[in-house]
Amino acid sequence: IRCRRKADIRKMIKLLLCAALVALCSGVGYLLAGKYKQRKKFFYELDFFNARMINEVSYTKMPVSAVIEKYPFSGDFGKLLEEKKKNGSVTGDFEIAYLSGDEKNFVRDYFLMVGRSDSGSQREYLNSARAETEKLRAESEKEYKRRFNLYVRLGFLFGLILAVLLA
C-alpha cells in the first residue's frame with residue numbers, strides 16, 4: 001500500500017509541474033505579445049489626441065498645452081506629450097522600441113507641426129494627418145489581434161510539448 005501512495009504522489013507532482021510549465025510558457029507568450037498591445041494603445045491615443053486637437057483648434061482655439069492638460073494620456077504617448085509641453089517639441093531621438101523608423105518619423109514630424117502656426121493652418125494640417133493617424137491606429141489594432149493570439153497560443157503549445165516530453 002505504501003508503494004502505491006508514493007507512486008500516486010509522484011504522479012500528482014509531475015502533473016502539477018506540467019501544468020505549471022504550460023502556464024509559465026503561456027505567460028511568456030503573453031509578455032512577448034505586450035509590445036503589440038503597447039503599439040495599439042500608442043496609436044489609439046495619437047488618433048484620439050489628433051481628433052481632440054481638430055475640435056479644439058476649430059472651436060475653442062485652445063493652445064496645445066491646455067489640450068494636454070485637459071485630456072489625460074498615459075504610457076509612452078503621455079511622456080511624449082509632457083516633453084512637448086515642457087520643451088515645445090519632441091526630440092528626434094525618442095526611444096519607443098515598438099515603433100518602426102517611419103512611424104517614429106511621422107510622430108516626430110507630427111509633434112513638430114502641432115501648435116506652431118495659426119489656427120487655420122493647424123486645422124488643415126490636423127485634418128490631413130487624420131487619415132494617417134486613423135490608418136496607423138487601424139493597422140496596429142489589426143496586428144495586435146493577429147499577433148497577440150498567435151504568441152499566446154504558441155506559448156501554450158510550447159508548454160504542452162515540454163510537458164509531454166517531461167512526462
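If you're wondering where the values come from, they're calculated on a predicted model, not measured in any experiment.
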Taking every heavy atom of Phe148 against every heavy atom of Ala33, the minimum-distance pair comes out as CD1-CB, 3.4 Å
Open item on the list: For a quick check under 3.5 Å, do Gln38 and Tyr144 share a side-chain donor-acceptor pair by atom type?
Closed with: no
So OG of Ser100 and CZ of Arg39: to nearest 0.5 Å the spacing works out to 6.5 Å
Margin query: Membership question, hydrophobic clusters at under 4.5 Å side-chain separation (ILVMFWY): are Ile161 and Val22 in the same one?
Written below: no
In short, Asn149 meets Lys145 closest at the heavy-atom pair ND2-O, 3.4 Å
Margin query: Check whether Asn50 reaches the backbone of Leu126 with its side chain - one donor and one acceptor, N or O, closer than 3.5 Å.
Written below: yes
- Task: Side-chain contact test, heavy atoms from C-beta onward, threshold under 4.5 Å: evaluate it for Leu80 versus Ile96 and give yes or no.
- Result: yes
- Linked, directly or transitively: Leu165 and Leu24 (ILVMFWY side chains, under 4.5 Å): no
Heavy-atom nearest pair, Glu103 first then Tyr98, reads OE1-O, 4.2 Å
Distance col, row Glu45:CD vs Tyr71:OH, nearest 0.5 angstrom, shows 14.0 Å
Report task. Evaluate the side-chain proximity of Leu46 to Tyr110: yes if any heavy-atom separation is below 4.5 Å, no if none is. Result -> yes
dist Glu141:CD -> Tyr44:OH (nearest 0.5 Å) comes out at 9.0 Å
Here the pair of heavy atoms bringing Glu56 nearest to Lys70 is OE2-NZ, 3.2 Å
query: Does a donor on one side chain and an acceptor on the other come within less than 3.5 Å for Ser74 and Lys41?
result: yes
*Could you go through the side chain to side chain contact (heavy atoms under 4.5 Å, CB included) check for Arg108 and Asn105 one step at a time?*
CA-CA 5 Å; Arg108 184 187 65 244; Asn105 289 336; 3.0 Å; yes
Are any of the side-chain heavy atoms of Leu136 and Asp47 separated by less than 4.5 Å? no
- Task: Treat each ILVMFWY residue as a node, draw an edge where side-chain heavy atoms are under 4.5 Å apart, and state whether Leu21 and Leu154 are in one component.
- Result: no
Taken to the nearest 0.5 Å, the spacing of Met53 CE from Asn127 CG works out to 11.5 Å
Checklist entry - Is any side-chain heavy atom of Leu81 less than 4.5 Å from a side-chain heavy atom of Phe111? => result yes
Worksheet item: Do Phe106 and Asp102 touch side chain to side chain, with heavy atoms closer than 4.5 Å?
Response: no
For Lys104 and Leu99 the tightest heavy-atom approach is CE-O, 3.7 Å
Quiz item: Is the number of heavy atoms from other residues, nucleotides or ligands under 6.0 Å of Phe48 CZ greater than 12?
Solution: yes
Practice task
Please check if Tyr36 and Tyr30 belong to a single hydrophobic cluster, counting links between Ile, Leu, Val, Met, Phe, Trp and Tyr side chain heavy atoms closer than 4.5 Å.
Solution key: yes
CZ/Arg153: more than 12 non-hydrogen atoms of other groups inside 6.0 Å | no
Interatomic distance, CD@Glu132 vs CZ@Arg137, rounded to 0.5 Å, equals 12.5 Å
Applying the 4.5 Å side-chain criterion to the ILVMFWY set and letting contacts propagate, would Tyr151 and Val28 be lumped into a single cluster? yes
Worksheet item: Can you check whether Lys40 reaches Lys37 side chain to side chain, under 4.5 Å on heavy atoms?
Response: no
Looking only at heavy atoms, the pair that brings Val107 and Phe42 closest together is CG2-CE2, 3.8 Å
Report yes if the side chains of Leu166 and Leu17 come closer than 4.5 Å at any heavy-atom pair, otherwise no. no
Q.
What I'd like to find out is whether the side chain of Phe77 reaches to under 4.5 Å of the side chain of Phe49, using heavy atoms alone.
A. yes
